[in-house]
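Presented below is the structure to which this report refers.
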Amino acid sequence: MKPLSQMPLETARSVRVVLTDIDDTITTEGMLTAAAYGALERLHRAGFLVIPVTGRPAGWCDHIARMWPVDAVVGENGAFYFRYDRERKTMEQRFWASPEELKRNRAKLNAIETEVLTSVPGSGLASDQAYRMADLAIDFCEDVPALPEAEVDRIVSIFERAGAQAKVSSIHVNGWFGDYNKLSMAKTLLSDVFGMDWEQARKTVIYAGDSPNDEPMFAAFPLSVGVANIQAFAHRLTSTPAYLANGHSGEGFVELADLLLRARSA
């Protein structure tokens, strides 16, 4: 990973779309700071397409799409995208699975939830689980005392034995049934809503993240940035971001926004 400060100005100037994780990439220790939120707004006002790509739930994503200075949001690690049309005052939604599939998958996830909470002492159901539509989020350090890494791996293995996908974020293990991830739904959104093919996307999109569930995005986009705290997960990553911010969490995102805005104004 090269220092973000070494990104050539011409490279930064090519960026038109900012895709970004939220937890510990925009937020800092669970808080959305004024500086990080302001960076989102400055990018949006400057004409960048700004799209959070998050593991957070549908209930949160409805709020984010409506009220944040963003153009759309991908949620639950790729289960859907939401886009709020402010002129028409309508929410556009696309889910990877049908309502029938979501119902069947929920029954299987409920069984996994019982097994995890029984088998892994100290784990907990994520506090935002009630607002989720497609996945199961197991908390290993957000609202519970941090679990050892071996216990996080045990949670992942329970999901995988049941045939589910499982991804580790900075705070949760998220599991789901379905052949999708952050990347597949981001590609669908860029094509459906913004008419952007994959070749265009690879040339004009930058992605910012901080943890293993961002790995498909790091692998796919030549322009990708990890905030400094991603170094804690380096041993879990096969594909790393191209650049590394000096700042942790929201400070690193502000660093990226400042670079992109400087490049555009130049």
Side-chain angles (χ1 to χ4, degrees), residues 1-2 4 7 15 17-30 32 36 39-40 49-57 60-61 64 70 72-81 96 126 134-135 137-138 140-142 149 152-153 156 159 165-176 179-190 201-202 205-257 260:
M1 295 180 284
K2 299 177 182 178
L4 180 57
M7 182 184 290
V15 173
V17 182
V18 180
L19 304 181
T20 178
D21 177 56
I22 292 179
D23 285 293
D24 294 312
T25 300
I26 297 176
T27 63
T28 301
E29 297 183 0
L32 179 59
L40 285 173
L49 291 177
V50 182
I51 302 170
V53 184
T54 180
R56 287 297 188 174
W60 287 34
C61 290
I64 290 166
V70 299
V73 58
V74 172
E76 296 187 27
N77 285 294
F80 55 79
Y81 70 70
W96 196 269
D135 78 350
I138 300 296
F140 64 80
C141 73
E142 183 181 33
E149 190 167 1
V152 176
D153 290 338
V156 170
F159 276 106
Q165 293 204 56
K167 295 294 183 182
V168 178
S169 77
S170 59
I171 53 175
H172 298 156
V173 177
N174 295 86
W176 65 89
D179 187 22
Y180 63 83
N181 56 26
K182 285 185 170 186
L183 176 62
S184 56
M185 188 53 81
K187 291 170 68 173
T188 299
L189 168 64
L190 291 173
R202 283 176 55 82
V205 171
I206 196 166
Y207 182 78
D210 76 300
S211 62
N213 69 341
D214 298 307
E215 191 166 15
M217 308 294 277
F218 296 148
F221 292 107
L223 284 181
S224 58
V225 178
V227 291
N229 37 300
I230 197 172
Q231 293 173 97
F233 294 101
H235 63 291
R236 285 184 172 269
L237 297 174
T238 301
S239 298
T240 57
Y243 294 93
L244 180 67
N246 185 59
H248 284 249
S249 302
E251 290 182 358
F253 182 76
V254 172
E255 186 181 333
L256 170 61
L260 296 176

(request) Find out whether E255 and L4 are in side-chain contact, i.e. whether some heavy atom of one side chain is under 4.5 Å from a heavy atom of the other. (result) yes
(message) Please determine whether a side-chain nitrogen of the Lys or Arg among D21 and R56 lies less than 4.0 Å from a carboxylate oxygen of the Asp or Glu.
(response) no
(message) With rounding to the nearest 0.5 angstrom, report the CG to OH distance, L256 to Y243.
(response) 11.5 Å
(request) Ignoring hydrogens and angles, state whether a donor on the side chain of H235 or E149 is under 3.5 Å from an acceptor on the partner side chain. (result) yes
(message) Are more than 12 heavy atoms, taken from residues, nucleotides or ligands other than E142, located less than 6.0 Å from that residue's CD atom?
(response) yes
(message) Rounded at 0.5 Å granularity, tell me how far OH in Y180 sits from OG1 in T188.
(response) 12.5 Å
(message) With a 4.5 Å cut-off on side-chain heavy atoms, are P216 and K182 touching?
(response) no
(message) Can you tell me how the ring of Y207 sits relative to the ring of F221, calling it parallel under 30°, perpendicular over 60° and tilted otherwise?
(response) parallel
(message) Taking the side chain as everything from C-beta on, heavy atoms only, tell me whether H172 gets closer than 4.5 Å to V152.
(response) no
(request) Could you tell me whether the side chain of I206 reaches within less than 4.5 Å of the side chain of V17, counting heavy atoms only? (result) no
(message) Ignoring hydrogens, what is the shortest heavy-atom contact between T28 and S249? Give both atom names and the distance.
(response) OG1-CB, 3.5 Å
(request) Before giving the answer on side chain to side chain contact (heavy atoms under 4.5 Å, CB included), spell out for W176 and Q165 the whole-Å C-alpha distance, their side-chain angles and the decisive distance to 0.1 Å. (result) CA-CA 5 Å; W176 65 89; Q165 293 204 56; 3.5 Å; yes
(message) Just to verify, which of N213, T54, N181 counts as forming a side chain to side chain donor-acceptor pair (under 3.5 Å) with N77?
(response) N213
(request) Classify the side-chain pair N229/D24 by whether it contains a donor and acceptor separated by less than 3.5 Å. (result) no
(request) Look up atom CZ in F218 and atom OG in S239, then write down how far apart they are to the nearest 0.5 Å. (result) 9.5 Å
(message) If you compare all heavy atoms of A242 against all heavy atoms of P222, which two are closest, and at what distance to 0.1 Å?
(response) CB-O, 3.5 Å
(request) May I ask you to test the V168-D153 pair for a side-chain heavy-atom distance under 4.5 Å? (result) no
(message) Would you say that T238 contacts E215 through its side chain, given a criterion of any heavy-atom pair below 4.5 Å between the two side chains?
(response) yes
(message) If you compare all heavy atoms of P57 against all heavy atoms of F80, which two are closest, and at what distance to 0.1 Å?
(response) C-CZ, 4.2 Å
(message) Which heavy atom of A186 sits nearest to which heavy atom of L19, and what is that distance?
(response) CB-CD1, 4.3 Å
(message) Side chains of L40 and V18, heavy atoms from C-beta outward: is any pair under 4.5 Å?
(response) no
(message) When you measure from the side chain of E76 to the backbone of A134, do you find a donor-acceptor pair of N or O atoms at a distance under 3.5 Å?
(response) yes
(message) Under a plain distance cut-off of 3.5 Å, with no hydrogens placed, do T25 and D210 share a side-chain donor-acceptor pair?
(response) yes
(request) Find out whether I22 and I64 are in side-chain contact, i.e. whether some heavy atom of one side chain is under 4.5 Å from a heavy atom of the other. (result) yes
(request) Would you give the length of the straight line joining atom CG of D135 to atom NZ of K167, rounded to the nearest 0.5 angstrom? (result) 13.0 Å
(request) Could you walk me through whether S184 and W96 pass side chain to side chain contact (heavy atoms under 4.5 Å, CB included), step by step? (result) CA-CA 9 Å; S184 56; W96 196 269; 3.7 Å; yes
(message) If you compare all heavy atoms of A228 against all heavy atoms of N246, which two are closest, and at what distance to 0.1 Å?
(response) CB-O, 3.6 Å
(request) For residues L189 and A72, report the shortest heavy-atom separation together with the two atoms involved. (result) CD2-CB, 3.9 Å
(message) Applying the side chain to side chain contact (heavy atoms under 4.5 Å, CB included) criterion to P241, which one of I230, V225, D214 satisfies it?
(response) I230
